[in-house]
Enquirer: 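Have a look at the structure that comes next, please.
All values derive from a computational prediction rather than experimental measurement. Protein chains get the first letters and strands the later ones, always in sequence-line order, with residue 1 at the start of each.
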Amino acid sequence: MTAASAALNRMGIRPHLRRRELGLLVLVALIVAIGWLSLESFRAGRLEVGDATMPVAYLVLLLVIHVAFVITGRRMDEILFPAAALLGGISLLLMIRLPQDLVQQTIGDQTLGLGSLQLGWLSLSFVVLATLAILVRSDGWLRRYKYTWAAVGIGLLLLVFLFGDVVGGARLTLRIGPFAGQPSELLKVILVVFLAGYLAENRALLASGSTRIGPLRLPPLAYLLPMLAMWGIALAIVIVQSDLGAALLYFLVFLALLYVATRRISYVILGLTLFLAGSGVLYELVPRVQERIDIWINPFAYAQTSGYQIIRALYAYGRGGILGTGLGAGLPQIGDVPSIPAIHTDFIFAALAEEAGMLGALAVLAVYAVIAERGFRIAATAADDFRALLATGLTLVVVVQAAIIVGGNLRVVPLTGITLPFISYGGSSLLVNGAVIGLLLALSDRGVEPPPPDSRRRLIDRVSGRARRAGGRLESALS
Amino acid sequence: MDVFTFSLWILRLAFVALMYVFLFAVGRALWRDLRVGVASAGRALGRLVVVAAPEGRPEVGSSIPLDAVNSLGRDVNNSIVIDDSFVSTDHALLTFRGRAWYVEDRGSTNGTWLNGQRVEGLLPLGYGDEIQVGQVRLRLERAPSP
């Protein structure tokens with residue numbers, strides 16, 4: 001006990017009030033409470049509170065995390081957590097509202113439905129968020145082993161490619177015993193860590209642009225190749241698995257990070273040209289891409305087949321209108337299932353837009369914009385290039401993913417199946433997005449030790465000396 | 001319209017309206033942060049943090065604000081004077097040129113080192129990189145955030 005308290009003192013833990021965060025969390029609690037009241041009252045046909053265990057449990061969890069932040073006294077961003085908590089709260093309400101038998105899992109003798117499962121995943125996700133935000137004090141473990149991280153990511157994807165299950169036409173689910181997960185969710189974070197590490201190290205060289213091809217000035221090719229190769233491998237595997245959403249996300253994040261690191265618009269133009277050329281080739285070669293583009297241009301020509309989902313979503317926006325139908329009142333069912341396939345994952349935005357209306361949907365989009373602002377602010381005030389690029393990449397992963405799927409749902413861009421961060425149902429997506437926001441919070445902490453130079457031995461290395469040597473061997477073999 | 005339908009309608013609108021109250025509260029916080037940021041604009045381009053100085057000067061952990069052009073050396077006419085017995089009179093030059101920082105050696109006796117590599121000619125460097133002149137090791141960092 002004395003050792004523990006001495007350790008706490010050494011770490012300099014002094015409680016630090018977070019009034020702004022508390023105020024925003026109170027608003028989140030109000031929103032969830034009013035939403036719950038409106039949902040239960042509509043279902044019961046009279047003013048009714050019902051069994052409010054699930055929303056109350058969620059709000060208690062948020063409070064516990066807030067108190068943990070206060071006690072540990074980290075001076076982190078106070079807006080990111082309430083923003084994520086609001087999205088999670090809306091997600092919980094929507095999942096409780098949707099038919100519970102969309103997803104069912106039996107644990108022991110209890111059968112859990114959609115709402116309880118989502119509550120479980122949300123809780124785990126926020127616990128991961130809080131743990132990372134509080135415990136991560138050094139980024140050395142991310143900074144140093146960038147090639148190892150990249151190898152882990154590629155290894156995960158290969159595993160999926162060899163042993164993965166096909167769900168909805170895409171091979172992206174990996175089953176280990178009773179657990180199933182989607183490694184492409186984790187890969188996006190690993191890719192960001194690798195790109196941030198590589199770009200921070202070679203930023204000045206990449207920006208200098210010494211090779212000339214026509215009007216374009218490119219960096220020395222040797223410095224661009226490892227990065228392009230890494231990206232190409234990831235992309236190729238993803239296309240083989242026909243996970244188009246993830247491929248699009250990786251490519252956009254890659255381009256944006258390259259631009260942020262070098263401030264060269266010529267790279268972006270080159271990348272977009274390559275993207276258009278690649279899309280043209282894929283349109284001819286991959287039937288899935290062709291189908292997605294066709295139903296994007298004219299879904300009504302395929303109303304009973306591939307365009308069915310998007311057309312049902314378009315009807316939903318129409319029914320919702322500006323103010324929405326109110327929670328519980330929308331989403332007509334055909335038989336026992338909602339008329340929009342995958343409403344709880346890829347098309348959750350349609351459910352939101354119907355029941356909360358255009359105003360509610362716009363508010364949720366604005367919350368993603370808030371997350372973007374906070375993330376980029378953390379990047380802009382970071383102490384060094386690696387942290388700045390890491391914060392930028394982590395932010396981009398969340399908001400670009402939201403943009404891709406919302407754009408797809410609204411028929412602004414071709415539809416690619418991907419989750420809406422913090423709102424869609426799904427364990428992998430929630431856990432990874434929780435980890436992303438947790439890392440952003442850790443990066444925003446003004447009390448974190450300065451980034452260590454590569455040559456200095458750090459505590460974390462001494463503790464994990466054996467792991468380090470193994471990692472070092474792998475690293476030298478790879479680079 | 002009976003009382004129940006009316007209260008349900010109010011609840012429905014309150015649910016959406018509260019989201020905008022949340023956004024308003026966030027917006028106000030963002031606006032305040034932005035104003036603080038604007039007030040502290042025009043600060044230094046970066047800083048050098050002293051990582052190691054065996055002779056005690058400059059003090060380890062202290063930070064030196066940087067201009068666009070910084071000369072390092074033992075002579076008092078340098079913009080950053082480093083009083084270490086292995087540092088030459090005019091030792092090195094650290095410059096910010098539009099997009100990136102560059103370091104060059106000014107013919108010093110013991111050389112200038114970037115991340116353990118000897119600097120020959122002009123070398124680019126980024127935030128987080130380490131320069132060594134004489135026995136003194138300095139890390140380039142972004143200017144502290146407000």
Side-chain angles (χ1 to χ4, degrees), chain A residues 20 23-24 27-28 30-31 34-35 37-39 41-42 45-47 78-79 82-83 86 90 93 143 200-205 207-208 262-263 323-327 329 355-357 359-360 363-364 366-367 370 373-374 377 380-388 446 450-451 453-456, chain B residues 2-5 7-30 32-34 37 40 46-47 49 51-52 61 63 97-103 115-116 122-132 137-146:
Chain A
R20 204 184 253 179
L24 291 175
L27 279 176
V28 170
L30 262 176
I31 293 171
I34 298 277
L37 207 60
S38 135
L39 175 60
S41 304
F42 179 83
R46 61 194 152 81
L47 281 183
E78 298 192 28
I79 290 174
L86 175 58
I90 291 170
L93 288 175
R143 181 191 295 258
E201 206 173 71
N202 303 300
R203 194 181 76 88
L205 268 166
S208 67
T262 61
R263 216 198 290 174
L323 290 176
T325 59
L327 279 173
E355 303 215 321
L359 284 177
V364 165
V367 174
V370 165
E373 200 276 352
R374 294 320 285 184
R377 171 176 296 277
T381 54
D384 64 15
D385 286 350
F386 175 73
R387 285 167 172 234
R446 282 175 287 161
D454 280 351
S455 55
R456 209 166 60 188
Chain B
D2 59 73
V3 177
F4 168 66
T5 321
S7 42
L8 196 62
W9 188 70
I10 292 290
L11 280 177
R12 217 178 87 191
L13 291 190
F15 178 62
V16 173
L18 271 171
M19 286 195 218
Y20 284 90
V21 175
F22 178 88
L23 286 173
F24 176 75
V26 167
R28 220 176 42 171
L30 298 192
R32 276 189 198 149
D33 283 3
L34 211 60
S40 65
R47 58 180 179 161
V49 175
V51 178
S63 69
R97 306 185 177 183
R99 285 189 174 150
W101 286 95
Y102 290 87
V103 64
N115 294 331
L122 196 62
L123 274 187
L125 73 162
Y127 296 109
D129 283 343
E130 222 178 74
I131 303 171
Q132 180 164 2
R137 299 206 333 247
L138 306 150
R139 186 173 57 238
L140 180 66
E141 281 191 5
R142 222 173 276 254
S145 51

Enquirer: Looking at side-chain heavy atoms only, is the closest gap between A:Ile31 and B:Met19 below 4.5 Å?
Expert: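 A side-chain contact under 4.5 Å exists here.
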Enquirer: Is it the backbone or the side chain of A:Ala329 that comes under 4.5 Å from a heavy atom of chain B, or both, or neither?
Expert: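 Neither the backbone nor the side chain of A:Ala329 comes within 4.5 Å of chain B.
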Enquirer: Which residues pass the side-chain hydrogen bond (donor to acceptor under 3.5 Å, both in side chains) test with A:Asp385, not counting sequence neighbours?
Expert: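 Testing A:Asp385 for side-chain hydrogen bond (donor to acceptor under 3.5 Å, both in side chains), a comparison that skips the adjacent residues, returns A:Arg203, B:Arg142.
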Enquirer: So, using side chain to side chain contact (heavy atoms under 4.5 Å, CB included) as the criterion, who are the partners of B:Val26 when residues are at least two apart?
Expert: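 Scan of B:Val26 (side chain to side chain contact (heavy atoms under 4.5 Å, CB included), adjacent residues dropped) gives A:Leu24, A:Ile79, A:Val370, B:Phe22, B:Leu30.
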Enquirer: What's the shortest heavy-atom distance between B:Val16 and A:Gly360, and which atoms?
Expert: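 So the two residues come closest at CG1-N, 3.9 Å.
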Enquirer: Any side-chain heavy atom of B:Phe15 within less than 4.5 Å of one from A:Leu93?
Expert: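 They are in side-chain contact.
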Enquirer: For chain B, find which of A:Thr325, A:Val28, A:Val364 contributes the most heavy-atom pairs closer than 4.5 angstrom.
Expert: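 Top count of heavy-atom pairs under 4.5 Å with chain B: A:Thr325.
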Enquirer: Quick one: closest heavy-atom pair of A:Ala366 and B:Leu23, and the distance?
Expert: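 In terms of heavy atoms, the two residues are closest at CB-CD1, 3.5 Å.
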Enquirer: If you define the side chain from C-beta out and look only at heavy atoms, does anything of B:Val21 sit under 4.5 Å from A:Leu27?
Expert: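 Contact flag for B:Val21/A:Leu27 side chains = yes.
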Enquirer: Can you confirm whether more than 12 heavy atoms, excluding those of B:Phe24, are under 6.0 Å from its CZ atom?
Expert: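 Not more than 12 within 6.0 Å, no.
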Enquirer: Working to the nearest 0.5 Å, report the span between CG of B:Leu11 and CG of A:Leu47.
Expert: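 CG of A:Leu47 is found 6.5 Å from CG of B:Leu11.
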Enquirer: Tell me the closest heavy-atom pair linking A:Phe42 and B:Leu8, and the distance in Å.
Expert: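 So the minimum-distance heavy-atom pair works out to CD1-CD2, 3.6 Å.
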Enquirer: With B:Arg12 as reference, evaluate A:Leu323, A:Leu39, A:Leu327 under the side chain to side chain contact (heavy atoms under 4.5 Å, CB included) test and give the passing residue.
Expert: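 Among the candidates, only A:Leu323 passes.
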Enquirer: Mind ranking B:Ala25, B:Ala14, B:Ala29 by heavy-atom pairs under 4.5 Å with chain A and telling me who comes out on top?
Expert: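 Top option by heavy-atom pairs under 4.5 Å: B:Ala29.
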Enquirer: Which answer fits A:Ile90, side chain, backbone, both or neither, if we ask what part of it has an atom under 4.5 Å from a heavy atom of chain B?
Expert: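 The answer is the side chain of A:Ile90.
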Enquirer: Given side chains that start at C-beta, do those of B:Asp33 and A:Glu373 come closer than 4.5 Å, heavy atoms only?
Expert: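 No, every pair of side-chain atoms sits at 4.5 Å or beyond.
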Enquirer: So, does B:Tyr127 use its side chain to make a donor-acceptor pair with the main chain of A:Arg387 at under 3.5 Å?
Expert: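 No, the answer is negative, given that no donor and acceptor are paired below the 3.5 Å cut-off.
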Enquirer: Under 4.5 Å from any heavy atom of chain A, what part of B:Ile10 do you find: side chain, backbone, both or neither?
Expert: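 Interface part for B:Ile10: neither.
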